[in-house]
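Data block below; observations after.
Heads up: numbering here begins at 1 and tracks the sequence.
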Amino acid sequence: MAVASDLAFDPWDPAFVADPYPAYAELREQGRVRYFEPTDQWLVAHHADVSALLRDRRLGRTYLHRFSHEEFGRTPPPPEHEPFHTLNDHGMLDLEPPDHTRIRRLVSKAFTPRTVERLRPYVRTLADELVAGLVEAGGGDLLRDVAEPLPVAVIAEMLGIPESDRAPLRPWSADICGMYELNPSEEAAAKAVRASAEFSDYLRDLIAERRKNPGDDLISGLIAAHDEGDRLTEQEMISTCVLLLNAGHEATVNSTVNGWWALFRHPDQLAALRADHSLVPTAVEELMRFDTPLQLFERWVLDEIEIDGQVIPRGAEIAMLFGSANHDPAVFADPSRLDLTRRDNPHISFSAGIHYCIGAPLARIELAASMTALLERAPTLRPAAEPVRKPNFVIRGLEGLAVELG
């Protein structure tokens, strides 16, 4: 068994978290798959393998549709974590067919190309307003003032969450997402459990209100679909709304601040973008590749597989390293170079297969809208201080990004 303990891969080391990409290069050179004992996972670092495994039906986001915990050789989660797992395990990201297919079909109606395209003027107007506020103040925190409020407002508007109720959404999301880190602490688990319970209670009340007074929003649409025969349990409805809120803004928030911090550190690329705003679409894709917002995605091995002669048994867990795959020189020419004109860019920041991000088109619109607004309204934007990187490895972002106008 190839064990990764001799590698620089250390997701709890601040130096690694600050820049994991050199360690990924070392990991790729060591082979196609390595066992990492601290998390009891098999690390997969090459783009071709990650891309193929995301589509491999011998792997799954859950195993409970086929096995009990005991049959799969896994210990059930502790009872005190139940609110988190009830919420998490009923969302489509952590379900397999046929439940995943049923829920995704319903939610997809809210993310058709026509529906998403209709949101473009609203997203652009909101981005302009947020950036105008930043400019009027002479600067601020790009994360707090632009990156966070834009996607949170958009997904909350889609769901039909009143503006007066939106303040706790981001803190709830951050606490819940803490459980997606590797070997989360008991403190992180307690926060996730509390946020799961509070968010679920809020949505249960909101769903009850929408049953009595339906509106033109996604929650009302899911209720109507249920009443017409496309059945969702109340828990599936709650879990779907939480997933859409969390997934609908986490990656966008982190892509925005990661991206601008990368631009500030590559002034030649930023100058080229400021000179030619038509680069925005390829810039969005390249910045998501260059500093990937979701570094790792996990799958359970439902049926034994083999990678490069290494048999990985049923019951094992695979950790697919998106950040490494997006820097694989077998796919990306000069991958450590930020190139906003890069055309051949098959990054996997939105995943692939049946769990491909349903909100990817909307995320692209949001990222392009905020970038364009900043380029047009704040052409002299510059960092005001060195940002502090969040200690998280899996979900990669900054604590904030202080900016000022030059």
Side-chain angles (χ1 to χ4, degrees), residues 1-11 16-17 19-63 72 93-94 96-97 100 180-182 251 285-286 288-337 342 344-357 360 393-396:
M1 179 186 295
V3 180
S5 59
D6 59 323
L7 295 178
F9 181 86
D10 184 353
F16 170 84
V17 172
D19 183 11
Y21 300 103
Y24 289 153
E26 183 181 340
L27 189 60
R28 289 192 301 270
E29 290 168 2
Q30 296 292 324
R32 290 172 56 195
V33 62
R34 298 294 296 272
Y35 179 69
F36 189 58
E37 190 170 4
T39 59
D40 189 22
Q41 292 174 319
W42 293 87
L43 305 177
V44 176
H46 290 260
H47 187 283
D49 290 323
V50 171
S51 183
L53 291 172
L54 285 169
R55 297 169 169 85
D56 195 321
R57 302 309 303 140
R58 294 173 296 176
L59 307 182
R61 282 290 293 170
T62 183
Y63 52 80
F72 206 62
L93 184 61
D94 281 81
E96 292 295 312
H100 171 272
Y180 303 138
E181 293 300 318
L182 298 175
E285 303 301 322
E286 173 68 350
M288 290 195 74
R289 179 202 70 83
F290 185 75
D291 204 4
T292 309
L294 181 66
Q295 290 281 311
L296 177 152
F297 209 55
E298 297 161 332
R299 286 285 197 278
W300 296 107
V301 180
L302 305 177
D303 296 297
E304 180 184 285
I305 65 171
E306 183 177 319
I307 302 175
D308 198 26
Q310 173 67 59
V311 174
I312 303 179
R314 186 184 84 183
E317 190 175 29
I318 288 180
M320 290 173 280
L321 299 173
F322 283 15
S324 175
N326 282 343
H327 279 248
D328 189 341
V331 176
F332 303 98
D334 198 2
S336 61
R337 180 170 63 91
R342 192 184 296 270
D344 186 15
N345 194 352
H347 69 77
I348 52 173
S349 298
F350 288 119
S351 191
I354 67 167
H355 288 105
Y356 179 78
C357 178
F393 160 62
V394 174
I395 299 176
R396 180 170 174 79

| message | side chain to side chain donor-acceptor pair (under 3.5 Å) for D328 and Y24? Distances and angles first, verdict last. | response | CA-CA 9 Å; D328 189 341; Y24 289 153; over 6 Å; no

| task | Verify side chain to side chain contact (heavy atoms under 4.5 Å, CB included) between L302 and L59, making sure each step is shown before the conclusion. | result | CA-CA 5 Å; L302 305 177; L59 307 182; 5.8 Å; no

| message | I'd like to know whether R299 forms a side chain to side chain contact (heavy atoms under 4.5 Å, CB included) with L54, so could you lay out the CA-CA distance, the side-chain angles of the two residues, the decisive distance to 0.1 Å, and finally the verdict. | response | CA-CA 8 Å; R299 286 285 197 278; L54 285 169; 3.7 Å; yes

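Using a distance-only test at 3.5 Å, with no hydrogens or angles considered, a donor-acceptor pair links the side chain of H100 to the main chain of I354. For the pair H47 (side chain) and P346 (backbone), a donor-acceptor distance under 3.5 Å is present. A side-chain donor-acceptor contact under 3.5 Å links R28 to the backbone of S324. Counting only distance, with no hydrogens or angles, the side chain of R289 and the backbone of N326 share a donor-acceptor pair below 3.5 Å. Remark: side-chain polar atoms of R58 are not paired, donor with acceptor, to backbone N or O of R314 under 3.5 angstrom. Between the side chain of E181 and the backbone N or O of I395, at least one donor-acceptor pair lies under 3.5 Å. Formation of a donor-acceptor pair under 3.5 Å by the H327 side chain with backbone atoms of F290 is found in this model.
Donor-acceptor pairing under 3.5 Å is lacking for the side chains of Y63 and E317.
Of all non-hydrogen atoms in Y21 and T292, the two that sit nearest each other are OH-N, 3.2 Å. L182 approaches P11 most closely through the heavy-atom pair CD1-CG, 3.7 Å. Nearest heavy-atom pair, H46 versus G31, reported as atom, atom and distance to 0.1 Å: NE2-O, 3.2 Å. Residues A251 and P293 share a closest heavy-atom pair of O-CB, 4.0 Å. Annotation for Y35 and D40: closest pair OH-OD1, 2.6 Å, computed over non-hydrogen atoms.
The line from CG of L321 to CG of L43 is 5.5 Å long, rounded to the nearest 0.5 Å. Distance check: F9 CZ to Q30 CD gives 13.5 Å after rounding to the nearest 0.5 Å. The CE atom of M320 sits 10.5 Å away from atom CG of D49, with the distance rounded to the nearest 0.5 Å. One distance of note links CD1 of I312 with CD of E306; it measures 9.5 Å at 0.5 Å rounding. Between atom OG1 of residue T39 and atom CG of residue L296 there is a gap of 8.0 Å, rounded to the nearest 0.5 Å. Rounding to the nearest 0.5 Å places CZ of R342 at 7.5 Å from CZ of F332.
Looking at F322 and S351, their side chains come closer than 4.5 Å, going by heavy atoms from C-beta outward. A 4.5 Å side-chain heavy-atom check between E96 and H355 finds at least one atom pair inside the cut-off.
The cationic group of R61 lies under 6.0 Å from the six-membered ring centre of F297 and within 45° of the ring axis, placing it in a cation-pi geometry.
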